[in-house]
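Written out below as structure tokens is the structure these notes cover.
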Amino acid sequence: MSLEIKHHLNTLLVQALQQVAPNEPASLIVLERPKQAEHGDYACNVAMQLARSLKRKPRELAEALVAALPASDWLHSAEIAGPGFINLRLQAAARQNVVRSVLHQADRYGLSGQGQQQKVLVEFVSANPTGPLHVGHGRQAALGDTLCALLASQGYAVTREFYYNDAGAQIANLALSVQARARGLTPEAAEWPADGYRGDYISDIAQAYLAKQSVGNDKVATVIASGDTNDLEAIRCFAVASLRCEQDLDLQAFGVRFDNYYLESSLYSDGRVEAAVQALTAAGKTYESEGALWLRSTDYGDDKDRVMRKSEGGWTYFVPDVAYHITKWERGFQRAINIQGSDHHGTIARVRAGLMAVGRGIPAGYPDYVLHKMVTVMRSGEEVKISKRAGSYVTLRDLIDEVGRDATRFFLASRKADSEFVFDIDLAKSQSEDNPVYYVQYAHARICSVLQQAEDKGMALPVSLHTALTSDPSALDLSALQGPRESALLSRLGDYPEMLHDAAQDLAPHQLAFYLRELAGEFHAYYNAERVLVPEQDVRVARLGLLLAVRQVLRNGLALLGVSAPDKM
RNA sequence: GCCCCGGUAGCUCAGUGGAUAGAGCGGCCCCCUCCUAAGGGGCAGGUCGAAGGUUCGAUUCCUUUCUGGGGCGCCA
């Protein structure tokens, strides 16, 4: 139900409460949507909450509150039920109003300015450029992209950022692996580098390098291969550029776009790593021991102090991480959200400790984290572990190619981040007719079809009425929408803005996927129960208005998920 | 051993201090002379891992415990 209506009802109850119990705070009034339609549009439990402190029976208290409710055009009735619930029922007209709001606001329906354009940086995927993106990156991409869309819908100025760890030991390993392939070695050879990357893509890169090909795109500066198998640095540059381009293609195929790519290597060349270390040392938060430089991260809640500079001289990985997050803060992002696998959980405390210790006023909870669990891919009841291309894992591209982009995105975004994800390819693909994403898309296509039929039969909403809606929404008579299924649909449409707000607030994109499934379900039930193109004009017009509104909300929601809304299926 | 996250229907998952715990898949039974059956309706299926506690009320909060995953590097 719309927030406006909810606030209105809340105000009524607060006024009643002030009469009945003047000393009790208004914050006690909480309205919830009952699961059962018989329990009305909203329920309030305040009478039960207060019964003890006021030494009155809950039902008696509820009666007093109901008696004290001010009159309202929107409220149909207030009943006392069960142990002392106050069940509020709306006037049909109040419920019907949502159709006008949706049609009037169209693709802006559900948006909120609450974020006041506060800058938020969301970092996700952040894969090392050492191979194609795997399914876990896909989960991050789906969650991250949708979360960004949700935050933007609530008025935040969102920046999507991809951080490349292009400077560590894994990159050196990549270069050695490509070099080995270029020299004709195979992973079985004795000279093959220890822990070298074995996937077929390594051979592909080696072949391209030998053929003196060039790689690059609009985001990755072009690198021309020298073909020299002894020049490890040239191999490294070529391999990293190749894989960045490759990953970029994966992301394009998935429909995910980033605003910015941040290279770890730049933190070194810009002197930011040194600067961070100096700041920490100047703040007195470091000490030398056993030939290494340590951070007093225990001062900020970490389990133990952490090594920053290894005794062999190199920095540990979290030092550039701290330097990187300082740049987020310096770039004006007072809010930063990182989406990472839960295996990175252990690093959170030390990065935050480093940021607090650096003395720039960065708060304790910076950055926020959304941690997600692993994805297991199943086919024919067995876990799929090996991809030909990547060797040791299933790639995102494999999944998109086999299951389709829409279904992959919808699936990966539709689970709570912190639950283990079992991605059943058979379910997502072979029984494609029962795929949840098609279920939602089908609702959209069905509505398009009905609207087309209406037009063909000359039964469409009169153009004058349709255009009138944008300037004068009250021109649409919706009073015919009285049935229980129509009420359910109207309520569900009205829930959309609050659902979006909550999903953004909780950093929980899966709530959007579930909402859309429920909305589609209520539409399908309605479609089977009632005909839209009936002879009675008032009924027909009202139902067409309802369908237009449902279609609009499906479109808006699917757009946030990055899933298409087809007109025909 | 310590820390984090899960444990809800046969399977995959939602939900949550409230009134008979939900959905999809799978199983069984119905519904196309009717705007797309990629749909709908119904049946079967649950001690919400277990035990205590707080509460008018607990699947939800607290404690303990069992179990699965992850983390506890001078790896990233």
Side-chain angles (χ1 to χ4, degrees), chain A residues 30 32 34-36 38-39 43 45 47-49 51-52 57-58 81-85 87 128 130 165 167-171 173 195 264 289-294 303-304 306-318 320-321 341-349 371-374 376 378 381 411 414-424 426-428 431-443 445-454 456-457 459 510-511 513-515 517-518 520-521 523-534 540 543-544 547 568-569:
Chain A
V30 175
E32 58 171 27
K35 291 172 198 161
Q36 315 269 123
E38 311 88 75
H39 294 149
N45 65 2
M48 291 176 293
Q49 303 280 4
R52 166 164 287 209
K57 290 179 181 171
F85 290 100
N87 290 337
N128 292 342
T130 55
N165 287 108
Q170 298 186 48
I171 299 301
N173 190 14
D195 303 320
E264 181 189 3
S289 174
E290 302 167 56
L293 181 68
W294 298 70
D303 291 345
K304 49 181 113 169
R306 304 291 173 175
V307 169
M308 295 171 61
R309 192 190 61 233
K310 298 179 260 186
S311 49
E312 48 88 344
W315 301 114
T316 56
Y317 71 92
F318 98 95
D321 240 29
S342 60
D343 54 334
H344 286 74
H345 173 82
T347 72
I348 294 176
L371 298 181
H372 67 88
K373 298 250 179 166
M374 297 297 108
T376 309
M378 304 287 286
F411 262 69
S414 64
R415 299 276 196 284
K416 215 168 37 174
D418 55 9
S419 68
E420 301 269 354
F421 198 132
V422 178
F423 194 113
D424 187 337
D426 303 316
L427 194 82
Q431 48 160 197
S432 63
E433 65 263 29
D434 290 315
N435 201 306
V437 67
Y438 295 142
Y439 183 85
V440 176
Q441 290 178 318
Y442 184 49
R446 256 186 164 173
I447 293 172
C448 290
S449 173
V450 175
L451 297 174
Q452 183 60 49
Q453 297 270 341
D456 295 347
K457 294 179 183 171
M459 288 174 151
H510 72 280
Q511 292 175 13
F514 278 91
Y515 171 86
R517 183 163 229 302
E518 282 163 9
F523 165 73
H524 285 307
Y526 177 58
Y527 178 91
N528 273 274
E530 307 285 354
R531 291 186 65 74
V532 174
L533 303 178
V534 293
R540 187 175 72 240
R543 289 180 176 172
L544 283 169
L547 257 61
K568 283 184 184 167
M569 290 176 73

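What you see is a predicted model, and the numbers here were worked out from it, not measured in a lab. Protein chains get the first letters and strands the later ones, always in sequence-line order, with residue 1 at the start of each.
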Nearest non-hydrogen partners of A:V534 and A:R540, listed with the distance: O-NH1, 3.0 Å
Heavy-atom donor-acceptor pair, A:S311 side-chain to B:C74 base, under 3.5 Å: yes
Write down the partner of B:U54 under the Watson-Crick or G-U wobble criteria, each distance required to be under 3.5 Å. none
Take atom C1' in B:C48 and the same atom in B:A9, then report the distance between them in whole Å. 10 Å
Taking OP1 and OP2 of B:C75, is either one under 4.0 Å from a side-chain nitrogen or oxygen of A:K310? yes
Where is the tightest heavy-atom contact between A:D418 and A:K373, given as atom of each residue plus distance? O-CG, 3.5 Å
Non-hydrogen atoms of A:G84 and A:A47 that approach each other most closely: O-CB, 3.7 Å
Between B:C32 and B:A19, how many Å separate the two P atoms, rounded to a whole number? 38 Å
In whole angstrom, give the distance that lies between atom CG of A:D343 and atom P of B:A76. 14 Å
Nearest-Å distance once atom P is located in both B:C66 and B:A51: 15 Å
Give a yes/no answer on whether the side chain of A:R543 brings an N or O atom under 4.0 Å of OP1 or OP2 in B:C35. no
What's the shortest heavy-atom distance between A:Q453 and A:L533, and which atoms? CB-CD1, 3.7 Å
Please determine whether a side-chain nitrogen or oxygen atom of A:Q49 lies at a distance below 4.0 Å from atom OP1 or OP2 of B:G57. no
For A:F421 and B:C11, give me the distance from atom CZ to atom P, rounded to whole Å. 18 Å
Taking the side chain of A:R517 as its heavy atoms from C-beta onward, which of B:C74, B:G69, B:A23 lies nearest to it? B:A23
C1' gap between B:U55 and B:G17, integer Å: 9 Å
Of A:F85 and A:V534, the one whose nearest nucleotide on RNA chain B sits closer to the 5' end is A:F85
Closest non-hydrogen contact found for A:M459 with A:L544 is O-CD1, 3.3 Å
Which heavy atom of A:F423 sits nearest a heavy atom of A:F411, and at what distance? CE1-CB, 3.6 Å
With a 4.0 Å cut-off on heavy atoms, is A:E264 in touch with a base, just the backbone sugar-phosphate, or nothing at all? nothing
Integer angstrom distance from the C1' of B:G41 to that of B:U59: 29 Å
Which nucleotide wins on minimum distance to the side chain of A:Q453, given the candidates B:C13, B:U36, B:G15? B:U36
Is the phosphate of B:A37 approached by A:H524 (side-chain N or O, under 4.0 Å from OP1 or OP2)? no
Position toward the 5' end of RNA chain B (nearest nucleotide), A:M48 or A:E290: A:M48
Side-chain donor/acceptor contact of A:N528 with base of B:G39 under 3.5 Å: yes
Are the side chains of A:N173 and A:T130 in touch, meaning some heavy atoms are under 4.5 Å apart? no
Taking atom C1' in both B:G57 and B:C43, compute the distance separating them and give it to the nearest angstrom. 32 Å
By the rule that syn is within 90° of 0, classify the base conformation of B:C32 as syn or anti. syn
Could you tell me whether the phosphate oxygens of B:A14, OP1 or OP2, come under 4.0 Å of any side-chain nitrogen or oxygen in A:S419? yes
Side chain of A:A292 (C-beta onward), nearest among B:G40, B:C74, B:G24: B:C74
Counting only distance, no hydrogens or angles, is the base of B:A38 paired donor-acceptor with the side chain of A:Y442 under 3.5 Å? no
Minimum-distance nucleotide (side-chain atoms of A:T316 versus B:U20, B:C13, B:A76): B:A76
Answer with yes or no whether A:N45 presents, from its side chain, a donor or acceptor under 3.5 Å of a partner atom in the base of B:A19. no
For B:C43, the nucleotide meeting Watson-Crick or G-U wobble distances (both under 3.5 Å) is B:G27
Separation of A:M459 atom CE from B:C35 atom C1', in whole Å? 10 Å
side-chain N/O A:K457 vs B:C35 OP1/OP2, d < 4.0 Å: no
When rounded to the nearest Å, what value does the distance between C1' atoms of B:C5 and B:A44 take? 34 Å
Whole-angstrom distance between B:G69 and B:C74, as gauged at atom C1': 28 Å
Separation of A:D303 atom CG from B:C4 atom P, in whole Å? 10 Å
Watson-Crick or G-U counterpart of B:G1, or none if no pair lies under 3.5 Å: B:C72
Which whole-number value in Å describes the distance from A:E420 CD to B:U8 P? 12 Å
Is the backbone N or O of A:Y439 less than 3.5 Å from a side-chain atom of A:H524, with the two atoms forming a donor-acceptor pair by type? yes
